[in-house]
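Have a look at the structure below, then the notes.
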2 protein chains.
Amino acid sequence: MVQSSIKVLRNRGYRVTRPRRQVLEVLETAQRPLSPYDIQKLLWGKGKHLDHVTIYRVLDLFCTLNLAHKILSLGGFVRCALGKREGCHRFTVCRNCGAFQEFADKGLCAGESEITQDFGFHAEQHLAESLGLCSECSSPQGDSV
Amino acid sequence: MVQSSIKVLRNRGYRVTRPRRQVLEVLETAQRPLSPYDIQKLLWGKGKHLDHVTIYRVLDLFCTLNLAHKILSLGGFVRCALGKREGCHRFTVCRNCGAFQEFADKGLCAGESEITQDFGFHAEQHLAESLGLCSECSSPQGDSV
DNA sequence: TTGTTAATGCAATAATGTTGCATTTATAAT
DNA sequence: ATTATAAATGCAACATTATTGCATTAACAA
Ligand SMILES: [Mn+2]
Ligand SMILES: [Mn+2]
Ligand SMILES: [Zn+2]
Ligand SMILES: [Zn+2]
């Protein structure tokens, strides 16, 4: 993964710098999603010293080049809504205009619970976010999943 | 909603204070999930002045009492993982020990896309988080969904 | 009305994230 | 190998989000 990522950097005209190598290596080694500050701490532990700004910029580049991707659902800044916590919170979020819409669906919950039960997980709540384009921003060339 | 929430506060022995009333009212009026600082700004706009610490504590209490709930998927602190961004990122997250596990499922994606298409949304990516108990932490009394 | 103490406000601090600019360094050119 | 170029980094400053401790205030019971 690290070597192929380095090739992508070169082929696309980006420089192969020490910070970029180091971030690639720590992500490869960790085998789990890391925050910018996670990465910084792991590098500090190995005696390396990267500024957090650099890490943010390196990660942004990696995401742009599809060498890495962000996972929005872990931890995170919180919003509150009135009402009891229901088992199902699903959102569509438009990547163009930011519009979002909440919905719920028993069928999806049932399907998810069935799958996660297979590896012993007991689901109590489902959060889901569909990223894409709302009806107003829709364009024909987006990748549908 | 505000009146019934106030009753819950009283019945459970919590005081009905001005900050608690104000946060309830602004959440009720907004009809959308609000962050603590969203709430503070909305109240400032009406000439009210609540400390952000108070708002955090009020919201925590509301969540504990099931008068409100947090929505983790909006905005949020970001983690990165190596590898191209695939269309499907699903996690189980144990609310007891924090363990998480990623998985993907084409069937779930198809079901979600079908539903959101009905209101004109063009999905490109699916993020999902199942909150509950992992196999090791499983207990018989959790609410399954 | 008064007393009790839960709740708030404030100060301080931590954690996360962004911007501008001077300096360094990866790479191309010589 | 040396030099020139500009991309990338490091640093400082600042903005936003979040937590903790404690003095003061105010809800509500007596
Ligand atoms: Mn909801
Ligand atoms: Mn992934
Ligand atoms: Zn849109
Ligand atoms: Zn667990």
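Below, chains carry the letters A, B, ... as their sequence lines are ordered, and counting in each starts from 1.
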Rounded to whole Å, please give me the gap between [atom1] in [X] and [atom2] in [N].
X: A/L50; N: D/dA8; atom1: CG; atom2: C1'; value: 12 Å
X: A/L61; N: D/dA8; atom1: CG; atom2: C1'; value: 10 Å
X: A/L43; N: D/dG10; atom1: CG; atom2: P; value: 11 Å
X: A/I55; N: D/dA8; atom1: CD1; atom2: P; value: 17 Å
X: B/Q22; N: C/dA7; atom1: CD; atom2: P; value: 16 Å
X: B/I6; N: D/dC28; atom1: CD1; atom2: P; value: 10 Å
X: B/L9; N: D/dA26; atom1: CG; atom2: P; value: 19 Å
X: A/R21; N: D/dA8; atom1: CZ; atom2: C1'; value: 15 Å

Note: with side-chain heavy atoms under 4.5 Å as the link, the other cluster members for B/L108 come out as A/I115, A/F119, B/F103
Under a side-chain separation threshold of 4.5 Å, the hydrophobic residues clustered together with B/V53 are none
Pairs under 3.5 angstrom, nitrogen or oxygen only, protein versus nucleotides 12-15 of chain C, please.
none

| said: Below 30° counts as parallel, above 60° as perpendicular, anything between as tilted: where do the rings of A/Y37 and A/Y56 land? | reply: perpendicular
Test of understanding: with salt bridge (Lys or Arg N to Asp or Glu O under 4.0 Å), list the residues that count as partners of [X], not counting sequence neighbours.
X: A/D105; value: none
X: B/R20; value: none
X: B/D51; value: none

Short N-O contact, B/E112 and B/R90, less than 4.0 angstrom: yes
B/K7 meets the side-chain contact (heavy atoms from CB on, under 4.5 Å) criterion, sequence neighbours left out, with B/N11
By side-chain contact (heavy atoms from CB on, under 4.5 Å), A/L42 pairs with (sequence neighbours left out) A/V26, A/L34
Once base and sugar-phosphate atoms are separated, protein heavy atoms under 4.0 Å mark nucleotides 21-30 of chain C, 5' to 3', with B, S and - as ----BBS---
